[in-house]
Amino acid sequence: MGDKLRLSVGILGNGASLLLYTAPVITFSRVFKKKSTEEFSCFPYVMTLFNCLIYTWYGLPIVSHRWENFPLVTINGVGIVLESIFIFVYFCYASPKEKIKVGVIFVPVIVVFGLTTAISAVVFDDHRHRKSFVGSVGLVASISMYGSPLIVMKKVIETKSVEYMPFYLSFFSFLASSLWLAYGLLSHDLFLASPNMVGTPLGILQLIIYIKYKNKEPPITTTVVSKWDEEKNNSKLELAVDVDHDGDGDGNDNEKKTSS
């Protein structure tokens, strides 16, 4: 009964994670249309890729005992493909400055993943120590993934607009972390449960912020000031033209007086 329940929760977790990994399709359809990444950040996508890489490796028989964590391999394998596509598209349409940011984040992620696989495969001889090592790195990767929207949440609070914090990404993040938390507890695996103990509250926080600011419009103070400045400049321009006309009139009168 316990194994069936764990497997059922794992399947639900796979479904929720698939929705989480495909949620950015809405964002990137907008990027395609506008040919620009606008103010969207690449950080969440790179961190999600990092998480998928680590937990795919964690679920493979070289780290876990046989296929005890097979659901991890399937969904995170799909996540690797999807996030790689998203990052590639982001890189194609990003500005030169943003492309540098992508490289600065992406390269260390690949290096850390490579070192993790090499050390766990060569240095450690048994599954228990391999799981402990890879699980520790996975803990950092998961917290980074679930914590990455904090950058966007800061922008939402500052601008009072949820334009760059998609609802589905926040909702599926909460749903997936909740289910994987349950899966980790049922499996008695703290390396699966622990990061989701952080991810679940962060998902709730994202939803609260979204609900709070979803109907609020960004402040228009800048626009009003700009229009006021424009009207002021136009008034100055009209005044300057009138002065010039007066000057021209005086000049013509002087010419008439001289000729007479």
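Along the sequence shown, the residues carry numbers beginning at 1.
Not a single ring-ring contact (aromatic ring centres under 6.0 Å, His included) links Phe50 to another residue, sequence neighbours left out. With sequence neighbours excluded, no residue satisfies side-chain hydrogen bond (donor to acceptor under 3.5 Å, both in side chains) with Tyr45. For the side-chain hydrogen bond (donor to acceptor under 3.5 Å, both in side chains) test, residues two or more places apart in sequence or in another chain that qualify with Gln206 are Ser170. Among residues two or more places apart in sequence or in another chain, the salt bridge (Lys or Arg N to Asp or Glu O under 4.0 Å) test is passed with Lys34 by Glu38. Under the ring-ring contact (aromatic ring centres under 6.0 Å, His included) criterion, Trp57 pairs with no residue at all, not counting sequence neighbours. Partners of Tyr210 according to the ring-ring contact (aromatic ring centres under 6.0 Å, His included) rule, which considers only residues two or more places apart in sequence or in another chain, are Phe167. Residues satisfying the salt bridge (Lys or Arg N to Asp or Glu O under 4.0 Å) criterion with Lys99, sequence neighbours excluded, are absent altogether.
Residue pairs that meet the ring pair (Phe, Tyr, Trp, His ring centres under 6.0 Å) test with at least one member in residues 129-151, sequence neighbours left out, are Phe124-Phe133. Residue pairs meeting the ring pair (Phe, Tyr, Trp, His ring centres under 6.0 Å) criterion with at least one member in residues 71-92, sequence neighbours excluded, are Phe28-Phe86. Among residues at least two apart or in separate chains, there is no salt bridge (charged side-chain N to carboxylate O under 4.0 Å, His left out) pair with a member in residues 104-114. Applying the side chain to side chain donor-acceptor pair (under 3.5 Å) definition to pairs two or more places apart or across chains, those involving residues 133-144 are Asn51-Ser142.
Val63 and His127 get closest at one heavy-atom pair: O-ND1, 3.1 Å.
More than 12 heavy atoms of other residues, nucleotides or ligands sit less than 6.0 Å from atom NZ of Lys35.
In this structure, Ser194 contributes its side chain and Phe191 its backbone to no donor-acceptor pair below 3.5 Å. In terms of modelled atom types and a separation under 3.5 Å, the side chain of Arg130 and the main chain of Ser120 share a donor-acceptor contact. Between the side chain of Asp189 and the backbone N or O of Leu185, no donor-acceptor pair lies under 3.5 Å. Panel note: side chain Thr117, backbone Gly114; a donor-acceptor pair is recorded below 3.5 Å. A donor-acceptor contact shorter than 3.5 Å is absent between the side chain of Ser178 and the backbone of Thr200.
Cluster membership check: Leu190 does not share its hydrophobic cluster with Tyr55, using side-chain heavy-atom separations under 4.5 Å among Ile, Leu, Val, Met, Phe, Trp and Tyr. Follow the hydrophobic side-chain contacts under 4.5 Å out from Trp67 and you reach Val78 in the same cluster.
The shortest distance between side-chain heavy atoms of Ser36 and Val31 does not fall below 4.5 Å. For the pair Val140 and Ile54, the minimum side-chain heavy-atom distance is 4.5 Å or more.
To the nearest 0.5 Å, the span separating CD1 on Ile143 from CE on Met47 amounts to 13.0 Å. Interatomic distance, OH of Tyr213 versus CE of Met153, reported as 12.0 Å (0.5 Å rounding). The structure places CG of Leu82 at 8.5 Å from SG of Cys52, a figure rounded to the nearest 0.5 Å. Atom NZ of Lys101 and atom OG1 of Thr37 lie 9.5 Å apart (nearest 0.5 Å). To the nearest 0.5 angstrom, Leu20 atom CG is 11.5 Å from Leu179 atom CG.
For the residue pair Tyr21/Asn76, the side-chain donor-acceptor check at 3.5 Å is satisfied.
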For a quick test of your reading: what N or O donor-acceptor pairs under 3.5 Å do the side chains of residues 8-19 make, sequence neighbours left out?
from: Ser8; atom 1: OG; to: Lys4; atom 2: O; distance (Å): 2.8
from: Asn14; atom 1: ND2; to: Thr74; atom 2: OG1; distance (Å): 3.1
from: Ser17; atom 1: OG; to: Gly13; atom 2: O; distance (Å): 2.9
from: Ser17; atom 1: OG; to: Trp180; atom 2: NE1; distance (Å): 2.7

